[in-house]
Amino acid sequence: METTDGSVGDKLTSAAAKGDLKEVNILLENGVEADAINKFGRTALQVMQIGHTIIAKSLLKAGAQPNQQDHNGFTLAHDAAREGFLETLKILVDFGADVNIENSEGNLPIHLAAQEGHTDVVTFLAKKSNLTLKNVKGLTPYELARMYQRTETVQWMEQNL
């Protein structure tokens, strides 16, 4: 499904980035692969607005790969955890996202959630993640939360882990 005004990957990623569920679904129904790549080498799942859980679900149901990493090793789970989008993260996990993939700095999604103080995300990830893993700087999720003075997250981790 190639058109004169751009590749289908560009069309799908553009629709996903805009949050246009109708267009995303039309493209998917017309045979565009969920992991079609745009001119920047990115998929719709990688460029969608992280809070658009309905777009994520539609792409994942259509076969988008939840563990695709960018050039820095980030997956959408890393991005969702860092930004505190718990519902998106739950959907990703439901569709097979591995929350123990390290990015290029050795961080798991829980490292980023702890660093940013997203206690609800840390709570969700705690049972699924390697909490003792040290990133390339030698820091665990707990140590990152302490370093960045994420008091609520530190307290939760001290009481529950």
Side-chain angles (χ1 to χ4, degrees), residues 12-13 15-21 24-25 28 33-38 40-161:
L12 185 59
T13 56
K18 290 182 209 171
D20 188 344
L21 179 63
V24 166
N25 286 334
L28 293 172
E33 290 188 27
D35 280 331
I37 296 190
N38 69 10
F40 301 107
R42 311 270 294 176
T43 67
L45 197 58
Q46 290 176 308
V47 302
M48 65 165 226
Q49 294 177 12
I50 300 171
H52 282 162
T53 56
I54 194 79
I55 299 259
K57 198 175 234 181
S58 185
L59 290 165
L60 290 161
K61 280 183 179 179
Q65 298 302 307
N67 294 316
Q68 187 150 5
Q69 293 176 273
D70 68 12
H71 63 280
N72 289 316
F74 284 85
T75 65
L76 188 55
H78 285 94
D79 296 336
R82 181 186 60 234
E83 299 300 324
F85 285 99
L86 179 58
E87 293 308 311
T88 302
L89 191 56
K90 286 179 178 178
I91 289 169
L92 289 166
V93 168
D94 286 346
F95 281 89
D98 181 352
V99 297
N100 286 298
I101 293 175
E102 296 177 39
N103 68 9
S104 61
E105 296 176 351
N107 291 311
L108 303 176
I110 197 165
H111 283 87
L112 304 177
Q115 178 178 311
E116 297 303 321
H118 299 301
T119 306
D120 57 341
V121 175
V122 169
T123 301
F124 174 73
L125 290 173
K127 294 176 186 163
K128 300 166 178 29
S129 296
N130 179 353
L131 298 170
T132 61
L133 181 74
K134 294 183 179 203
N135 64 15
V136 296
K137 294 180 181 174
L139 301 169
T140 65
Y142 173 75
E143 292 166 332
L144 282 166
R146 282 186 54 120
M147 186 169 105
Y148 284 89
Q149 301 176 3
R150 306 303 185 191
T151 307
E152 179 185 315
T153 303
V154 168
Q155 288 174 346
W156 184 88
M157 292 176 96
E158 289 174 346
Q159 293 169 2
N160 294 282
L161 303 177

Rounded to the nearest 0.5 Å, what's the gap from [atom1] on [X] to [atom2] on [Y]? Could you check?
{"X": "L144", "Y": "T153", "atom1": "CG", "atom2": "OG1", "value": "11.0 Å"}
{"X": "L21", "Y": "I55", "atom1": "CG", "atom2": "CD1", "value": "5.0 Å"}
{"X": "N25", "Y": "K61", "atom1": "CG", "atom2": "NZ", "value": "9.5 Å"}
{"X": "L28", "Y": "L12", "atom1": "CG", "atom2": "CG", "value": "5.5 Å"}
{"X": "E102", "Y": "F74", "atom1": "CD", "atom2": "CZ", "value": "12.0 Å"}
{"X": "T13", "Y": "K18", "atom1": "OG1", "atom2": "NZ", "value": "10.0 Å"}

Please answer whether the main-chain N or O of [Y] pairs with a side-chain N or O of [X] as donor and acceptor at a distance below 3.5 Å.
{"X": "N135", "Y": "T140", "value": "no"}
{"X": "N103", "Y": "N107", "value": "yes"}
{"X": "N130", "Y": "T132", "value": "yes"}
{"X": "S58", "Y": "I54", "value": "no"}
{"X": "R150", "Y": "A114", "value": "no"}
{"X": "T75", "Y": "N67", "value": "no"}
{"X": "Q46", "Y": "T43", "value": "yes"}
{"X": "Q49", "Y": "A17", "value": "yes"}
{"X": "H78", "Y": "I101", "value": "yes"}
{"X": "H111", "Y": "L133", "value": "yes"}

For the residue pair [X] and [Y], what are the closest heavy atoms and their distance?
{"X": "A16", "Y": "V24", "answer": "N-CG2, 3.7 Å"}
{"X": "T88", "Y": "G51", "answer": "OG1-CA, 4.0 Å"}
{"X": "S129", "Y": "N100", "answer": "CA-OD1, 3.3 Å"}
{"X": "A34", "Y": "G63", "answer": "CB-C, 4.0 Å"}
{"X": "V136", "Y": "G106", "answer": "CG1-N, 4.1 Å"}
{"X": "V121", "Y": "A113", "answer": "CG1-CB, 3.6 Å"}

Legend entry - Flag if over 12 foreign heavy atoms under 6.0 Å of CZ, R42: yes
Inset, instruction - Please indicate whether Q68 has more than 12 foreign heavy atoms, meaning atoms of other residues, nucleotides or ligands, lying under 6.0 Å from its CD. - result: yes
Inset, instruction - Tell me, please, whether F124 has K128 positioned over its six-membered ring: NZ or CZ under 6.0 Å from the ring centre and within 45 degrees of its axis? - result: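 The answer is yes, since K128 meets both limits relative to F124.
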Inset, instruction - Would you please say whether a donor-acceptor pair under 3.5 Å links the side chains of T53 and E87? - result: no
Legend entry - Distance-only side-chain donor-acceptor flag, E158 / Y142, under 3.5 Å: yes
Inset, instruction - Please assess I110 against V99 for the test side-chain contact (heavy atoms from CB on, under 4.5 Å), listing each intermediate value before the final yes or no. - result: CA-CA 8 Å; I110 197 165; V99 297; over 6 Å; no
Inset, instruction - Could you tell me whether E143 and R146 have a side-chain N and a carboxylate O separated by less than 4.0 Å? - result: no
Are side-chain heavy atoms of [X] and [Y] found at a separation under 4.5 Å?
{"X": "R82", "Y": "D79", "value": "yes"}
{"X": "L76", "Y": "P66", "value": "no"}
{"X": "T123", "Y": "L86", "value": "no"}
{"X": "F85", "Y": "H118", "value": "no"}
{"X": "M157", "Y": "P141", "value": "yes"}
{"X": "L161", "Y": "L131", "value": "yes"}

Inset, instruction - Please assess L59 against D35 for the test side-chain contact (heavy atoms from CB on, under 4.5 Å), listing each intermediate value before the final yes or no. - result: CA-CA 8 Å; L59 290 165; D35 280 331; over 6 Å; no
